[in-house]
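Heads up, the thing below is written out as structure tokens.
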Amino acid sequence: MSLCLCGNVVTPAKRAETLREEIQRHEELYYVQAAPEMSDAAFDALMHELKAIETAHPELLTPDSPTQRVGGRPTEGFAQVEHVQPMLSLDNAYDEEELRAFDERVRKGLATDRSPAYVAELKIDGLSIALTYEGRCLVRGATRGDGVRGEDVTPNVRTVRALPLALKGGPAGRVEIRGEVYLSKKAFEKLNREQEGAGEALYANPRNTAAGTMRNLDPTVVAKRGLMAWTYQLVPPDGERHSEMLKRLSKWGMPVEPHWKRCDGIDEVIAFCEEWRDKRNDLSFETDGVVIKLDDLALRDRLGYTSKFPRWATAFKFPAQQATTLLKRIEVNIGRTGAATPFAMLEPTFVAGSTISMATLHNPDDVARKDIREGDTVIIEKAGDVIPRVVGPVMEKRPADSKPWVMWTTCPVCGSDLHKPEDEAVWRCDNSSCPAKLRRGLEHFAGRGAMNIEGMGESLIGQLADKELIKSIADIYALTAETLEGLERMGKKSAAKVVKEIEKSKGNDVWRLIYGLGIRHVGERGAQVLADHFGSIEAIEAASREELEQVREIGPVLADSVRTWLDEPRNQALVQQFRDAGVKTVGERKVAPAGPQPLAGKSFVITGTLASMSREDAQAKLEVLGGKVTGSVSKKTTAVIVGSEPGASKTEKASALGIKTLDEAGLLDLLNS
Ligand code: IVH
């Protein structure tokens with residue numbers, strides 16, 4: 001207990017309460033208003049004092065205490081949660097004309113000639129998040145997921161210091177507040193500097209990094225990244241206007257991006273979009289456009305929704321940012337599958353907020369088609385990613401003596417001949433022991449999306465490949481701390497850590513291993529689908545091309561690629577090597593084993609609304625019986641199932657191709673036959 005200056009006794013409970021209020025106020029000033037009033041040291045002192053009181057008096061600890069942002073242990077996974085209302089996406093507008101068309105649709109829907117009041121907000125390039133407050137305390141944070149169901153990421157959301165753990169006002173009941181979590185440009189650059197320093201692969205852009213961070217299982221890692229947030233929606237809405245609601249959210253201590261504007265009609269909206277198209281690089285975060293929303297909530301109700309979007313809002317997308325610079329040289333990179341890809345070495349230039357010295361050129365055909373040459377002045381474009389692309393040459397600036405670029409015929413790494421299959425645009429190095437392929441294969445295998453072995457970055461992999469300490473990706477599991485200790489930038493401690501990470505990766509979900517194998521066309525999603533359906537690598541090995549192709553979302557190209565890869569004895573030996581090392585190859589099947597499959601080999605398209613079930617249910621039912629459901633009508637379609645208000649293009653195409661159509665009764669017959 002202590003005395004305050006006026007002589008009153010201050011109890012620990014009272015002091016803890018005061019400290020909490022003070023800390024929350026300063027967090028808001030710092031993270032939400034970007035207007036700190038206190039030095040970091042003074043702030044830390046307040047935190048320290050609060051922690052000391054809570055340690056001495058655990059009974060005073062409250063869940064919304066600012067000391068409780070990072071709590072708990074890493075989780076095993078995230079629970080699925082259903083959103084109170086689906087999280088919809090927005091229709092897009094790319095220019096003034098499309099914005100005016102949006103306004104016209106709104107006016108038509110409201111039967112008015114006058115353009116209504118809109119609120120224009122910056123579109124934050126992050127990941128959407130739904131926050132539930134109950135009794136004014138943050139009780140849940142969930143990702144968007146598929147819009148209907150997302151993942152419960154509460155422990156991670158609590159680490160975002162821009163989001164108050166307790167609201168300063170507002171309803172005491174349950175409310176949902178939606179917004180966007182993002183990584184500031186500064187935090188992203190810092191993270192990439194750290195990655196570079198550690199010889200690890202760079203992150204491509206702030207948006208994907210923020211999304212990946214939010215799905216990290218360890219809240220301590222998330223806290224370190226310093227995610228930020230802006231909020232823009234109350235669900236269900238209350239009051240009469242969106243603009244009032246934004247002010248209310250601010251008052252409750254929620255972060256609201258301050259540059260929003262209430263616009264009187266579409267002309268003001270267009271002016272706002274033009275203003276921010278030019279000023280966006282000055283912001284501390286990435287924005288990819290402007291979201292335009294009808295201000296009056298009652299008018300929104302009159303307009304309603306399409307199946308995907310609200311009719312009362314749209315997103316204006318900024319054009320990609322461009323610059324011109326000198327293309328000094330064209331070089332060739334060898335990827336994991338041996339693909340030889342040209343890339344441009346540029347005179348460093350500043351575009352969209354950062355200096356660019358390299359850009360991708362996709363493939364030699366593209367270079368030829370655009371006639372991009374060394375020595376050209378070229379237009380480069382950045383669309384949010386760290387690596388920009390070359391759009392094309394500025395012909396007027398082409399030097400008189402320039403010559404068309406010719407694709408290299410030998411691999412820049414191993415010197416083998418490069419080949420180009422007739423029907424492909426890609427040249428390849430076919431030497432299976434080309435060091436570049438092994439290197440990229442290892443980077444992919446150990447990378448975040450695949451086996452996620454921390455510490456196994458570009459620099460370490462480069463040394464392991466160069467010194468021939470690893471000859472196949474499975475050799476990772478034979479590495480010892482002694483071997484690693486001898487390498488550059490590897491102390492005893494980091495070597496032990498890498499070995500521990502390697503060991504840990506043995507227990508990864510099976511899809512990570514499947515993805516890590518680097519089979520052509522098998523992306524993250526494909527690997528997950530295969531793992532869910534078959535449950536183990538062994539079951540995939542035993543599956544025929546046809547059985548693979550029957551799996552939902554697996555097309556003939558992917559099925560063929562998997563089968564070809566597995567038929568290669570060297571790859572079979574590789575899988576055996578993983579098995580022998582104790583890497584998990586058996587998981588769980590998440591799809592029930594198939595029963596009789598009367599619809600096997602048949603393909604359906606569903607259009608319009610069904611009365612007795614959703615389209616997703618109809619798809620699932622057809623698939624259980626072995627049928628396949630695709631999005632567009634082709635010669636291979638067996639029948640088009642037509643509900644009410646069908647898409648004209650699908651029914652027209654069906655009749656043009658002479659494909660059978662079934663109404664809902666016909667579908668039910670088919671399912672019950
Ligand atoms: S409003 C029904 N406002 O953009 C309206 N969305 O393409 C829901 N986004 O999924 C969204 N900034 O993740 C809204 N100021 C903003 C936004 C914003 C970014 C994202 C959001 C949404 C996507 C829509």
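Whatever order the structure lists them in is the order used to number ligands and atoms, beginning at 1.
Partners of R280 according to the side chain to side chain donor-acceptor pair (under 3.5 Å) rule, which considers only residues two or more places apart in sequence or in another chain, do not exist here. The ring pair (Phe, Tyr, Trp, His ring centres under 6.0 Å) check on Y232 picks up nothing, with sequence neighbours excluded.
In this structure, T637 contributes its side chain and V633 its backbone to no donor-acceptor pair below 3.5 Å.
In this structure, a donor-acceptor pair under 3.5 Å is present between the side chains of R448 and Y203. Checking R69 against T159 by side-chain atom types alone, no donor-acceptor pair falls below 3.5 Å.
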Check ligand 1 for close polar pairs with the protein: N or O on both sides, less than 3.5 Å.
| from | atom 1 | to | atom 2 | distance (Å) |
| --- | --- | --- | --- | --- |
| ligand 1 | 3 (N) | K293 | NZ | 3.0 |
| ligand 1 | 4 (O) | K123 | NZ | 3.4 |
| ligand 1 | 6 (N) | Y232 | OH | 3.3 |
| ligand 1 | 12 (N) | I124 | N | 2.9 |
| ligand 1 | 13 (O) | S128 | OG | 3.2 |
| ligand 1 | 13 (O) | E180 | OE1 | 2.7 |
| ligand 1 | 13 (O) | E180 | OE2 | 3.3 |
| ligand 1 | 15 (N) | E121 | OE1 | 2.8 |
| ligand 1 | 15 (N) | L122 | O | 3.3 |

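The list of salt bridge (Lys or Arg N to Asp or Glu O under 4.0 Å) pairs with a residue in residues 254-267, not counting sequence neighbours, reads R100-D267, R114-D264, K261-E268, R262-D295.
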